[in-house]
Colleague: 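There's a structure below that I have some questions on.
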Amino acid sequence: MTDLRAGAAANYRAARTLPIRAEWRRQWSRARTRWALGLMFLLPLIILVAFQFDNGGDDNGGGEFGSLIDMATSGGLNFTLFCLYVSATFLLVVAVALFCGDTVASEAQWGSLRYLLAVPVPRARLVAVKLIVALGYSGLALLTLAGTALAVGTARYGWEPLRSTVANEIAPGPGLVRLLGILGYLAVVLLVVAGLAFLLSVSTDAPLGAVGGAVLLWILSSILDQITALGAVRNLLPTHYSTAWLGLLSTPAQYDDIVKGAISAVVYATLFWSLAFWRFTRKDVTS
Amino acid sequence: MSPPLSRTRRRLLAGGAVLLVLAGALTWAVWPDDPGYRTQDARIAVRSGPGGDESVELDTRLFLPDGASATDKVPAVLLAHGFGGTKESTYSDAEELAGIGYAVLTWTARGFGRSGGQIHLDNPDYEVRDAQRLVDWLAARPEIRTDAPGDPRVGVVGSSYGGGLALMLAGQDQRIDAAVPMATWNDLAGAFLPESTGQGAVDGVFKKTWAGLFFGNGAGAGLGALGDAVAGGGAPDLGALVGADPACGRFAADVCAAYQRIATTGRADQAAVDLLRRSSPATVLDRIKAPTLLVQGTADTLFPLSEADANARGIAATGTPVRVAWFTGGHDGGDGPQSDRDRIKFLMAQWLDHYVKGTGPAPADSFTWSRITGFNALDRGVVTSGYSDPAYPGLGGTQTSTVTVTGPAQTVANPPAGNPAAISSLPGAGGGLSSFVNGVVTDLPGQHARFTSTPLDRPLDIVGAPTVRIRAASPTGEAVLFVKLYDVDPAGVATLSSGLVAPVRLTGLPAEISAAQPVSVTLPAIVHRVEAGHTLRIAVATSDQAFATPAQPAVYTVAVPDDATAVTLPTVPGEPIASPQVIWRYVLVGLLVAIAVGLVVVVLVVRRRRGRHDTSVHPEYADLPLRVDGLRKVYGDFVAVDRVDFEVRRGQVVGLLGPNGAGKTTTLRVLMGMTKPTAGQVHVFGHPLVPGSPVLSRIGALVEGPGFLPHLSGLANLRAYWAATGRPEEDAQMERALEIAGLGESVHRRVKTYSHGMRQRLAIAQAMLGLPELLVLDEPTDGLDPPQIAEMRRVLRRYATDGRAVLVSSHLLAEVEQTCTHVVVVNKGGIVASGPVDEIVGESPSVQIEVSDAGAAAGVLGRLAGVRSVAVDGDPRQLVVDTNGTARSEVVAELVRAGIGVERVVPRRRLEDAFLALVGESSSGSGDR
């Protein structure tokens, strides 16, 4: 073990620079962090209020899983599921891209990145801490959404079994476990967005470019996934398995696609993060 | 700050390369493969009919694998299509078989498509004889392997109508080496006129919807083909088509007449049953010597599992190898999910390879089946799990369980003309989810009786045909009833497995239920798991949309023996077939382990490399705050800094002076570890400096302007910065820094509201946090007003006491002169001059003189002893004189004595000499650095 403090100022330890707590506060101080989390908190409430105006009119369609919408008001668990269903494809993607894409790029834009590097915060540590905190906020956003939805949904519609037309109803206890499984899988799938956004974040000093780029690429992948002519190529798209969590509503739960989706997400996220580390630890910071 | 062009070009190149790779991968993925076979279409005239003398042309296509030739012969497969299809319907199956090395002969059966003749329903004299002639044709092909002259090595594969043909052909022609009939019938009469108490087809209940669909398909296909032929300019047997009968289409007259008789009355006569039986494998099973793989679907209300069961028993009775496989598809369920398709394909290839090609081990006798275990969220299909058992147990299972259903006698009404009728299945909806969607299944109130069990205390895997005993009474002495087994979940949702029902026609019934005798009903064979907590329900209904029921209204009474009867449920425990999908779980675990190991390895390697890093202190420089040797930085092909050497000693305030673009900022960037030098070394207190060196913590910096979080106040920014250093708060000397910043109450305002100068002062304060031993400031007075500049000079001079040092960059000579103790002048990336300011700023031996006549003055001075040089500036009145020790007063006196007017005498300084010369040379700078 080398003396990493060689020649350092008193009380300086490379491993203590940019503590996670400091970075957490740094991000928390930003209005966009609080707005994003606030939206996650408000969304279930808005949906709940919107359902009060529901006159039970038209059919929503959507095939076997369209019933998720019809059954949203059958209990707290179903309400939570509905909130996740409607936000998984876009809102959560944007939130994760925001937390992970903005974190380094905005420091570069403000010029504060060079002062962090001059502290000096070792580059690998800076990237790691930034990533951990961004993932922490992303997870918090997901949990805020689900937690609020579960709380208000249960308060309004009761602690009822999880219902869907694709399977028998699932008792509330196991239903909650399924819901947690869904949250876990969503979190894993969103790692791809996190990876992509973070890679862009260390590559540019335009936060909007990193966030927007990640969201756009995600949408592009979703569009390509709709083109069945691409055949097996679609299996390689990062979004291909993004709805595999619906398999957890089946009885018994279907894990095969979830497993494949997890593999896909982990591979992509690892690739993107590795690239991000590789890039940031080598690049000349010019802004 | 635009990156050099070459970098942009490099990025473009990299992006282009990535795009190319992606496009290449995409093209490779969608590019059609070499098919590995070639096809030959031919119209083959065959002679069939009872006398073997009726000629008909068949539309055929032969798939020959690449490499098949007279010297390299291949085995063959006859591939027959389903009812209403043509040779085109089996194209993809033929491709797959050709891909594994078989010559595949597909053809359009007589009565369909562009083949001639009429539909005789796989009649031994017609369709089956046609196929025999095709076997002859294959035997004559040089590429086809033969067992004996005229006896090709050939298997026969077909589904539904084609499966019936496969069995019939295997029974009629001993040259067939193996048969794989799928989703087909044993007794066509029994299939269309089923009866579940064991009575014959004459008393069967007519399966009118399916029969109608079939008849419409055959008749319609004929008429449709007529239209095609006319539009297309003529099929060869146009004459035969023109004569087509609108009532019968291309059906043979006897088949058509039999259908019309049955469909009209809903009852079959013996002649019709005999006709259908002629087209049934049941009549030839004892002659089948070809090993047979029977594949049947569990979602098949047309040809249910019992048909394959009868075929299996009949063939096995003669000792011929038989294997049975069930899949979750059929005439209602389609091809089933991918896992089932893969299993069936594997079984078929294995069967053909062993018995036709002669390769591979003998297939086991094991019975395989699958059960729906859920929905697939992605393709909206069903997910199944496969099971196997060492031997085919038949429909009675290897074990049986009984569940008692109870209920009183109930009266049920037979609706007139069978309308409204219960819906159990949607024949012809084909391949969809019709039979799985519970909502479709309806029993009409008043038309059905229910007998229900108590909730099951353990789950039950039904594999086979359950049986139940019922009693019925009818005022007419006769009743047609439909017996169904429902799985009812705790919420009351009832599931009828695959929409299968058992139709019964009971005769000789008493009018009173008390006198009714129990009859045993064999329910359709199913594969279904009843979960614990669910109940079983036996429903006895009077109507079903798929069947013909008596037209007369009547009220029956239905009961179970003793108001409680046991339902016998066959079960097969079975071994789950490992799904190939399970492998992905191991892949995932392996991947996670690999990533974890990879992470550990990377961390170890990085630590080790860092360990090898030179941490020794350079002894000569140990007390030097900064020592720069041979620094060089190249961006692409642009040299930003070249051969820069200087040092900063304790107590010094060193000025880095140069015009804009001289390389000052690049030098400072390297000092701060933001940029890696191309060559050269930087030592800070003797420690070699690389990006992220801990020794950087002894440097406080302001480089390229302030960088603050705009939404935070000045104070919060300083706190956030210090928090990022991870050092104790008391080390920060926050008060002192704030004092230097001198922002007063503004320190609590958000930085985004600050003026440029305020930010600059805050940035200097930030650089001074913790009182670093070396302070590096890039253009510190930028944006400050004169009093603040003066104050800043004092601050910096004071700072460089107590062994600390300051490095200041500036493009202003005056700035450096007034602030610094030492100066380094840079231009175009290199050092021009360096040394103590006093020394450099000190008086130069040269003096600038403005005179009335520069020419005369030059002459005067040239004569003056000791004055070495005289230069005339551009201005004719300006002279620069190197006095070389001669006193300036003497020079002036000499000029005045010579009568030359002296306007001004300005002493010149070395620094100014150097600096102005540089700026004068290239005030445009050498680029933005």
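In the text below, chain A, chain B and the rest are named by the order of the sequence lines, each starting its count at 1.
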Colleague: With a 4.5 Å cut-off on heavy-atom pairs, point out which of A:Pro19, A:Pro161, A:Ser29 contacts chain B the most.
Modeller: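 Most heavy-atom pairs within the cutoff with chain B belong to A:Ser29.
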
Colleague: Can you tell me which portion of B:Pro706 sits under 4.5 Å from chain A's heavy atoms? Options are side chain, backbone, both or neither.
Modeller: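 It is the backbone, since no side chain atom gets that close.
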
Colleague: Could you tell me if the side chain of B:Tyr721 sits less than 4.5 Å from the side chain of A:Arg26, heavy atoms only?
Modeller: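 In short, these two side chains do not touch, never coming nearer than 4.5 Å.
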
Colleague: Against chain B, work out which of A:Thr270, A:Leu126, A:Leu117 has the most heavy-atom pairs shorter than 4.5 Å and name it.
Modeller: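 It is A:Thr270.
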
Colleague: Can you tell me which portion of A:Ala262 sits under 4.5 Å from chain B's heavy atoms? Options are side chain, backbone, both or neither.
Modeller: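 When you check distances to chain B, atoms from both the backbone and side chain of A:Ala262 fall under 4.5 Å.
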
Colleague: Inspect the surroundings of CZ in B:Phe685 and state if more than 12 heavy atoms from other residues, nucleotides or ligands are less than 6.0 Å away.
Modeller: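 Yes, the 6.0 Å shell around CZ holds more than 12 heavy atoms from other groups.
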
Colleague: Atom OG1 in B:Thr725, atom CZ in A:Arg13: separation rounded to 0.5 Å?
Modeller: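 Answer for the OG1-CZ pair, B:Thr725 versus A:Arg13, is 12.0 Å.
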
Colleague: I'd like to know which of A:Leu236, A:Leu18, A:Asn11 tops the heavy-atom pair count under 4.5 Å against chain B.
Modeller: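 Counting heavy-atom pairs under 4.5 Å, the top option is A:Asn11.
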
Colleague: Quick check: are there more than 12 heavy atoms from other residues, nucleotides or ligands sitting under 6.0 Å from CG of A:Leu220?
Modeller: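 Count over threshold, so yes.
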
Colleague: Once you round to the nearest 0.5 Å, how far does CE of B:Met674 lie from NZ of A:Lys283?
Modeller: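 Atom-to-atom, B:Met674:CE and A:Lys283:NZ are 12.5 Å apart.
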
Colleague: What part of B:Phe708 lies closer than 4.5 angstrom to a heavy atom of chain A: side chain, backbone, both or neither?
Modeller: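 The backbone, not the side chain.
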
Colleague: Looking at CH2 of A:Trp110 and CG of B:Leu712, how far apart are the two atoms once the value is rounded to the nearest 0.5 Å?
Modeller: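 The CH2 atom of A:Trp110 sits 8.0 Å away from the CG atom of B:Leu712.
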
Colleague: Using side-chain heavy atoms (C-beta onward) and a distance below 4.5 Å, is B:Ser693 in contact with A:Pro120?
Modeller: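 SC-SC contact between B:Ser693 and A:Pro120 ruled out.
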
Colleague: When you compare the side chain of A:Asp256 with that of B:Arg585, does any pair of heavy atoms fall below 4.5 Å?
Modeller: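 B:Arg585 vs A:Asp256: side chains touch.
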
Colleague: B:Ile595 versus chain A, heavy atoms under 4.5 Å apart: side chain, backbone, both or neither?
Modeller: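 The side chain, not the backbone.
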
Colleague: Kindly indicate whether the side chain of B:Met672, heavy atoms from C-beta on, has any atom under 4.5 Å from the side chain of A:Arg114.
Modeller: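 No, their side chains stay 4.5 Å or more apart.
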
Colleague: Heavy-atom distances under 4.5 Å only: say whether B:Lys752 touches chain A with side chain, backbone, both or neither.
Modeller: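 Looking at B:Lys752, nothing touches chain A.
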
Colleague: Non-hydrogen atoms of chain A under 4.5 Å away: do they reach the side chain of B:Ser385, the backbone, both or neither?
Modeller: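 Interface part for B:Ser385: neither.
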
Colleague: Can you tell which of B:Gly770, B:Gly598, B:Pro710 has the highest number of heavy-atom pairs within less than 4.5 Å of chain A?
Modeller: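 That would be B:Pro710.
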
Colleague: Do you know which of B:Leu709, B:Leu591, B:Leu599, B:Val602 has the most heavy-atom pairs with chain A at a distance under 4.5 angstrom?
Modeller: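 Heavy-atom pair counts peak at B:Leu709.
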
Colleague: Can you tell which of A:Ile258, A:Asp257, A:Ile263 makes a side-chain contact (heavy atoms from CB on, under 4.5 Å) with B:Trp584?
Modeller: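 Checked A:Ile258, A:Asp257, A:Ile263 against B:Trp584; only one passes side-chain contact (heavy atoms from CB on, under 4.5 Å): A:Ile263.
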
Colleague: Less than 4.5 Å to any heavy atom of chain A: does that hold for the side chain of B:Leu592, its backbone, both, or neither?
Modeller: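 Interface part for B:Leu592: side chain.
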
Colleague: Which bit of A:Arg21 is near chain B, if near means a heavy-atom gap under 4.5 Å: side chain, backbone, both or neither?
Modeller: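 No part of A:Arg21 comes within 4.5 Å of chain B.
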
Colleague: Would you mind telling me which of B:Val776, B:Asp731, B:Val606, B:Val751 has the largest number of heavy-atom pairs within less than 4.5 Å of chain A?
Modeller: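 Ranked by contacts with chain A, first place is B:Asp731.
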
Colleague: Hey, is CZ on A:Arg125 packed in by over 12 heavy atoms from elsewhere, all under 6.0 Å?
Modeller: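 Yes, CZ of A:Arg125 has more than 12 neighbouring heavy atoms, counting only those of other groups under 6.0 Å.
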
Colleague: Which bit of B:Gln766 is near chain A, if near means a heavy-atom gap under 4.5 Å: side chain, backbone, both or neither?
Modeller: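 Just its side chain gets close to chain A.
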
Colleague: Around atom CD of B:Glu730, are there more than 12 heavy atoms of other residues, nucleotides or ligands at under 6.0 Å?
Modeller: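 Count over threshold, so yes.
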
Colleague: Heavy-atom pairs under 4.5 Å with chain A - which of B:Gly686, B:Ala701, B:Gly705, B:Gly700 has more of them than the others?
Modeller: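 Max contact count across the listed options: B:Gly705.
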
